[in-house]
K.L.:
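One structure, pasted below without further comment.
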Amino acid sequence: MLFQATKMSLKIDTSALGHPHKPKCAFNPLSRFKPLSKVVFITSAFAALLSSSAFSAETHSEHEIRLVSAGTGVTELVLALDAGNELVAIDSTSYVPEGLAHVAKLGYHRMLSAEGIIALSPTLVVGSDVMGPETTLNVLKHANIQVVQLPATNDEPQLMSNVDTLGQLLNRPDNAVKLKLDLHQQLQSLADKKQQISDAGAQPKILFMLLQEGRGARVGGKGTAADTIIALSGAQNIAEFDGYKSMSQEGILSLQPDIILLSKRSDKPTEQTNAQIAQELIKEMPLLAHTPAGKNGHIQTLAPQALLGGLGISAISAADTLASTLLKQNQ
């Protein structure tokens, strides 16, 4: 017990109270401590609950990894490390194979809900440097969930560093070594193709268009993910402005692109072929049929995930495909 009661011998003059045989109110030495006892009990119970939660989190971390991946670039690396079986949830920008259809789908990686994540009992949440909001990340940390934000990958060294970090977090160090070697070889092959395109003469002029339902097409300029992919392939992005801007058909026609790259912003991979998407574009913007790209049928699609997450697996693959197409056209 918190307190030890002491027996006390009390003499009370009851005659003055009008009750010669029974005191009006007997003094209880423990009465003043009743409210404090309740507070101590409630506080102890709450502390025990927190202790139990902490123990549960420690038990998870010792025996298993329950991973939430937020960001398509991060999720691609997780899958490439053969750690897909650790996933319990992904964000809306990520894609997983059909064999992982049971993995929960969360909201947009910049607007995650703490309640939805905590309900899945994860031990680890990994995302890009723009994962958020910050309030959600703080709640997750206070719930004893490890939260890791990987830096943006704008070059090969940072990409390799992120692979190393994930390899350690997911207990896949050997897989990380193999993945880094594979990615380096892909980038080296891409650099060789880029040099061949450069040696062939003038750089092909490429225009990238982002199509969104309910909105007009927007053209990707300097500093965009599409610009990075075009540069990796050895071609020239003919949009000289920064970021994304809407352009009229007449404006696009005046640029005379050799190739038009298209991407549809969607949570699901498109099932349409290049030809079908090109037909839709020409139908909506008939003047584009008079560009070199339209005349020669050089209108191609770009996977949406290649535009998210910086220099990653999809972006490298998209640049390699584009470079191969350019080499074929030069033959």
Side-chain angles (χ1 to χ4, degrees), residues 71-74 76-77 93 128-130 150-163 180 182-211 217-247 251-252 254-265 274 288 291-293 296 298-331:
T72 185
V74 174
E76 286 181 343
L77 291 179
T93 69
S128 68
D129 58 340
V130 296
L150 299 177
T153 51
N154 297 316
D155 52 36
E156 182 177 352
Q158 186 59 62
L159 175 60
M160 299 306 178
S161 175
N162 286 357
V163 172
K180 288 195 300 180
D182 185 47
L183 289 172
H184 177 72
Q185 290 174 343
Q186 290 182 47
L187 288 169
Q188 186 59 55
S189 173
L190 187 54
D192 293 341
K193 291 179 182 179
K194 181 177 180 179
Q195 185 60 51
Q196 293 177 48
I197 292 170
S198 176
D199 293 342
Q203 288 180 302
K205 297 183 297 181
I206 296 184
L207 180 81
F208 172 74
M209 298 177 65
L210 179 62
L211 307 179
R218 293 191 298 163
V219 173
K222 306 303 180 184
T224 62
D227 184 57
T228 299
I229 292 172
I230 293 171
L232 280 172
S233 73
Q236 173 193 0
N237 184 0
I238 56 176
E240 295 294 334
F241 50 79
D242 294 329
Y244 286 94
K245 287 186 179 181
S246 297
M247 288 189 69
I252 295 175
S254 67
L255 294 176
Q256 291 290 290
D258 298 313
I259 295 177
I260 294 178
L261 284 180
L262 299 175
S263 183
K264 284 189 174 183
R265 179 162 289 178
N274 280 342
L288 300 191
T291 64
N296 298 314
H298 293 164
I299 299 177
Q300 302 178 16
T301 58
L302 195 61
Q305 57 266 38
L307 302 173
L308 301 170
L311 180 63
I313 292 175
S314 286
I316 294 172
S317 176
D320 186 73
T321 299
L322 180 58
S324 296
T325 299
L326 296 176
L327 286 174
K328 289 179 181 179
Q329 292 176 0
N330 287 337
Q331 291 177 353

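All of these numbers come straight from a predicted model, not from anything done at the bench. Just so you know, residue 1 is the first one in the sequence shown, and it goes up from there.
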K.L.:
Starting at CD1 of Ile260, measure out to CD1 of Ile299 and round the result to the nearest 0.5 Å.
P.N.:
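With rounding to 0.5 Å, CD1 (Ile260) is 4.5 Å from CD1 (Ile299).
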K.L.:
Taking all atoms of both residues into account, what is the closest heavy-atom pair of Gly221 and Asp227, and its distance?
P.N.:
O-CB, 3.3 Å
K.L.:
Out of Leu207, Val219, Thr291, which one pairs with Leu255 under the side-chain contact (heavy atoms from CB on, under 4.5 Å) rule?
P.N.:
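Exactly one option meets the side-chain contact (heavy atoms from CB on, under 4.5 Å) with Leu255, and it is Leu207.
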K.L.:
Within a strict 4.5 Å, meaning less than it, do heavy atoms of the Thr228 and Asn154 side chains meet?
P.N.:
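No - every pair of side-chain heavy atoms lies 4.5 Å or more apart.
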K.L.:
With a 4.5 Å cut-off on side-chain heavy atoms, are Val74 and Asn162 touching?
P.N.:
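No, too far: nothing below the 4.5 Å cut-off.
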K.L.:
Has Ser189 got a side-chain atom pairing as donor or acceptor with Gln186's backbone, closer than 3.5 angstrom?
P.N.:
no
K.L.:
Could you tell me whether a side-chain N or O of Thr153 sits under 3.5 Å from a main-chain N or O of Gly309, the two making a donor and an acceptor?
P.N.:
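Checked: pair present.
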K.L.:
So, for Leu262 and Phe208, which heavy atoms are closest and what is the spacing to 0.1 Å?
P.N.:
C-CE1, 4.2 Å
K.L.:
Keeping Thr321 on the side-chain end and Ser317 on the backbone end, is there a donor-acceptor pair under 3.5 Å?
P.N.:
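Here the side-chain-to-backbone pair exists.
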K.L.:
What's the separation between atom CD in Gln305 and atom CD in Glu76, rounded to the nearest 0.5 Å?
P.N.:
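Separation between the atoms: 6.0 Å.
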K.L.:
Ser314 and Thr72: side chain to side chain contact (heavy atoms under 4.5 Å, CB included), yes or no, with the steps?
P.N.:
CA-CA 9 Å; Ser314 286; Thr72 185; 5.6 Å; no
K.L.:
Compare every heavy atom of Ser246 with every heavy atom of Arg218, then report the nearest pair and how far apart it is.
P.N.:
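Looking at all heavy atoms of both residues, the closest pair is CG-OG, 3.8 Å.
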K.L.:
Would you say Thr325 and Ser233 make side-chain contact, with heavy atoms under 4.5 Å?
P.N.:
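With C-beta onward as the side chain, the pair stays apart.
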K.L.:
Do the side chain of Lys194 and the main chain of Ala231 share a donor and acceptor less than 3.5 angstrom apart?
P.N.:
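Yes; at least one donor-acceptor contact below 3.5 Å.
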K.L.:
Is a side-chain N or O of Asn237 found less than 3.5 angstrom from the main chain of Gly220, in a donor-acceptor match?
P.N.:
yes
K.L.:
Taking atom types as modelled, is there a side-chain donor on Gln195 or Asp199 under 3.5 Å from an acceptor on the other?
P.N.:
yes
K.L.:
So how far is it from Leu77 CG to Leu159 CG, rounded to the nearest 0.5 Å?
P.N.:
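Separation between the atoms: 6.5 Å.
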K.L.:
Any side-chain heavy atom of Leu311 within less than 4.5 Å of one from Ile316?
P.N.:
yes
K.L.:
Is it true that a side-chain atom of Gln203 and a backbone atom of Gly234 form a donor plus acceptor pair closer than 3.5 Å?
P.N.:
yes
K.L.:
Indicate the atoms forming the closest heavy-atom contact of Leu307 with Ala225, along with that distance.
P.N.:
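Heavy atoms of Leu307 and Ala225 come nearest at O-CB, 3.3 Å.
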K.L.:
Write down the atom of Gln256, the atom of Pro292, and the distance for their closest heavy-atom approach.
P.N.:
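Looking at all heavy atoms of both residues, the shortest contact is OE1-CD, 3.2 Å.
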K.L.:
Looking only at heavy atoms, which two atoms of Met209 and Leu288 are closest? And how far apart?
P.N.:
SD-CD1, 4.1 Å
K.L.:
Under the criterion side chain to side chain contact (heavy atoms under 4.5 Å, CB included), I'd like the reasoning laid out for Thr224 against Leu210: C-alpha separation, chi angles, the key distance, then a yes or no.
P.N.:
CA-CA 11 Å; Thr224 62; Leu210 179 62; over 6 Å; no
K.L.:
For a 4.5 angstrom cut-off between non-hydrogen side-chain atoms, does Asp258 reach Asn296?
P.N.:
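They are not in contact (no side-chain heavy atoms under 4.5 Å apart), so the answer is no.
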